[in-house]
A.B. asks: 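Let me give you the structure first, and then I'll get to my questions.
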Amino acid sequence: VVLGSTEALTGVAATPAALKGPKGEIPAANVAVLFGKPDMLWYGHITWFMSLTAKSPGQVAVDKGSGAAMQQMLIRVKVPKDAAAGLYKGTVAVAASGKSFDVPLEVNVSDWTTPDPKDYRTYIGAYQSPVSVALQYGVAPWSEEHWKFMDKSFELLGRLGYDFGDDDGLL
């Protein structure tokens with residue numbers, strides 16, 4: 001979902017509803033709205049939204065280069081393992097600048113279940129860099145704030161199936 005305006009956006013919010021399916025529903029708690037963060041600038045102009053956050057920016061200024069205020073939103077749905085196969089439909093209520101509207105959301109659930117990340121049998125060549133985490137979020141290395149970002153970094157790597165264990169004897 002992308003919101004756009006030639007004027008600043010205020011009161012940006014998004015609230016998902018449950019998705020109704022053939023034999024039940026996917027609860028609204030399983031639907032997450034992630035907001036794009038404008039973290040790459042080139043001569044003061046937004047060029048890329050690299051990071052996502054669950055926290056709404058609340059307001060979005062007009063970019064001087066494009067003359068537009070834009071807010072990207074990614075919708076992530078965690079399908080329960082016991083969900084019946086079929087089409088699930090719902091909405092995400094989006095609000096900005098005193099206006100609101102419903103964005104339709106449809107998820108087609110297949111009749112098979114993916115394994116938990118801990119059971120993946122693939123190689124994930126991801127590298128966790130504490131220094132990069134500190135630089136990305138502009139915090140002092142090894143500070144309490146840095147450790148909070150590190151915790152989130154490890155959580156996200158865990159979703160990929162990243163194994164922090166000592167099975168290879170390297171730790």
Side-chain angles (χ1 to χ4, degrees), residues 1-41 45-63 65-122 124-126 128 133 136-137 148-162:
V1 176
V2 178
L3 292 176
S5 176
T6 56
E7 298 177 11
L9 297 168
T10 59
V12 175
T15 307
L19 302 173
K20 309 286 185 206
K23 295 181 181 176
E25 68 178 34
I26 298 173
N30 287 31
V31 183
V33 178
L34 302 172
F35 297 88
K37 292 175 63 176
D39 16 39
M40 295 199 62
L41 301 175
H45 305 297
I46 298 169
T47 58
W48 194 256
F49 290 77
M50 201 164 86
S51 302
L52 297 170
T53 179
K55 183 179 178 194
S56 167
Q59 55 187 7
V60 179
V62 173
D63 177 61
S66 66
M70 291 193 320
Q71 179 59 60
Q72 292 82 359
M73 291 178 251
L74 178 123
I75 312 297
R76 183 177 64 202
V77 179
K78 184 175 181 181
V79 178
K81 287 186 179 269
D82 61 350
L87 185 63
Y88 289 74
K89 295 182 180 185
T91 60
V92 176
V94 176
S97 301
K99 298 178 183 172
S100 63
F101 53 93
D102 287 338
V103 175
L105 177 61
E106 295 184 1
V107 175
N108 191 13
V109 175
S110 298
D111 63 352
W112 56 272
T113 303
T114 59
D116 289 329
K118 67 178 180 56
D119 297 325
Y120 288 175
R121 296 294 183 246
T122 186
I124 304 296
Q128 202 291 337
V133 171
Q136 172 67 27
Y137 296 104
K148 289 178 185 173
F149 287 115
M150 291 286 293
D151 286 345
K152 187 64 174 177
S153 173
F154 287 125
E155 177 191 329
L156 292 171
L157 285 169
R159 285 187 194 169
L160 291 173
Y162 196 91

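Quick note: numbers below take in every heavy atom, side chains included, and nothing from hydrogens, waters or symmetry partners. On a predicted model such as this, the values are computed, not experimentally measured, just so you know.
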A.B. asks: So, for Ala61 and Ala8, which heavy atoms are closest and what is the spacing to 0.1 Å?
C.D. replies: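 That closest heavy-atom pairing would be CA-CB, 4.3 Å.
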A.B. asks: For Gly58, is there any backbone N or O sitting under 3.5 Å from a side-chain donor or acceptor partner on Ser56?
C.D. replies: yes
A.B. asks: Once rounded to the nearest 0.5 Å, what's the spacing between atom NZ of Lys55 and atom CG of Leu34?
C.D. replies: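 Spacing of NZ (Lys55) from CG (Leu34) equals 14.5 Å.
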A.B. asks: Compare every heavy atom of Asn108 with every heavy atom of Gly86, then report the nearest pair and how far apart it is.
C.D. replies: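 In terms of heavy atoms, the two residues are closest at O-OD1, 3.4 Å.
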A.B. asks: If you look at every heavy atom in Val12 and Ala96, which pair is closest and at what distance?
C.D. replies: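 For Val12 versus Ala96, the nearest heavy atoms are CG2-CB, 4.2 Å.
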A.B. asks: Given side chains that start at C-beta, do those of Val94 and Met73 come closer than 4.5 Å, heavy atoms only?
C.D. replies: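 Yes, at least one pair of side-chain atoms sits under 4.5 Å.
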A.B. asks: Identify the two heavy atoms, one from Val109 and one from Ala84, that lie closest to each other, and give their separation to 0.1 Å.
C.D. replies: CG1-O, 3.8 Å
A.B. asks: I'd like to check Lys89 versus Glu106 (side-chain heavy atoms, cut-off strictly below 4.5 Å). Are they in contact?
C.D. replies: yes
A.B. asks: Is it true that a side-chain atom of Ser66 and a backbone atom of Ala68 form a donor plus acceptor pair closer than 3.5 Å?
C.D. replies: yes
A.B. asks: Would you say Lys23 has more than 12 foreign heavy atoms packed within less than 6.0 Å of its NZ?
C.D. replies: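 Counting other residues, nucleotides and ligands, NZ of Lys23 stays at 12 neighbours or fewer.
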A.B. asks: Can you see which heavy atom on Ser153 is nearest to which on Gln128, and at what distance?
C.D. replies: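 Looking at all heavy atoms of both residues, the closest pair is OG-NE2, 3.0 Å.
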A.B. asks: From the options Thr114, Thr113, Ile26, Leu19, select the one residue that forms a side chain to side chain contact (heavy atoms under 4.5 Å, CB included) with Val79.
C.D. replies: Ile26
A.B. asks: Assess the residue pair Val33 and Ile75 against the criterion (side-chain contact (heavy atoms from CB on, under 4.5 Å)); give the C-alpha distance rounded to whole Å, side-chain angles, the decisive distance to 0.1 Å, and a yes or no.
C.D. replies: CA-CA 5 Å; Val33 178; Ile75 312 297; 3.9 Å; yes
A.B. asks: What do the steps show when you test Leu105 against Val77 for side-chain contact (heavy atoms from CB on, under 4.5 Å), and what is the final call?
C.D. replies: CA-CA 10 Å; Leu105 177 61; Val77 179; 4.3 Å; yes
A.B. asks: Starting at CG of Leu3, measure out to CZ of Phe101 and round the result to the nearest 0.5 Å.
C.D. replies: 5.0 Å
A.B. asks: Go through the structure and list residues passing salt bridge (charged side-chain N to carboxylate O under 4.0 Å, His left out) with Lys152, not counting sequence neighbours.
C.D. replies: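 Checked Lys152 against salt bridge (charged side-chain N to carboxylate O under 4.0 Å, His left out); matches are Glu155.
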A.B. asks: Grab the two heavy atoms, one from Pro80 and one from Pro27, that are nearest each other, plus how far apart they are.
C.D. replies: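 Closest pair (atom of Pro80, atom of Pro27, distance): CG-CD, 4.4 Å.
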A.B. asks: Would a 4.5 Å heavy-atom cut-off, applied to side chains only, mark Gln71 and Pro57 as touching?
C.D. replies: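 Yes - at least one pair of side-chain heavy atoms lies under 4.5 Å apart.
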A.B. asks: Does some side-chain heavy atom of Leu52 sit less than 4.5 Å from a side-chain heavy atom of Gln72?
C.D. replies: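 No, their side chains stay 4.5 Å or more apart.
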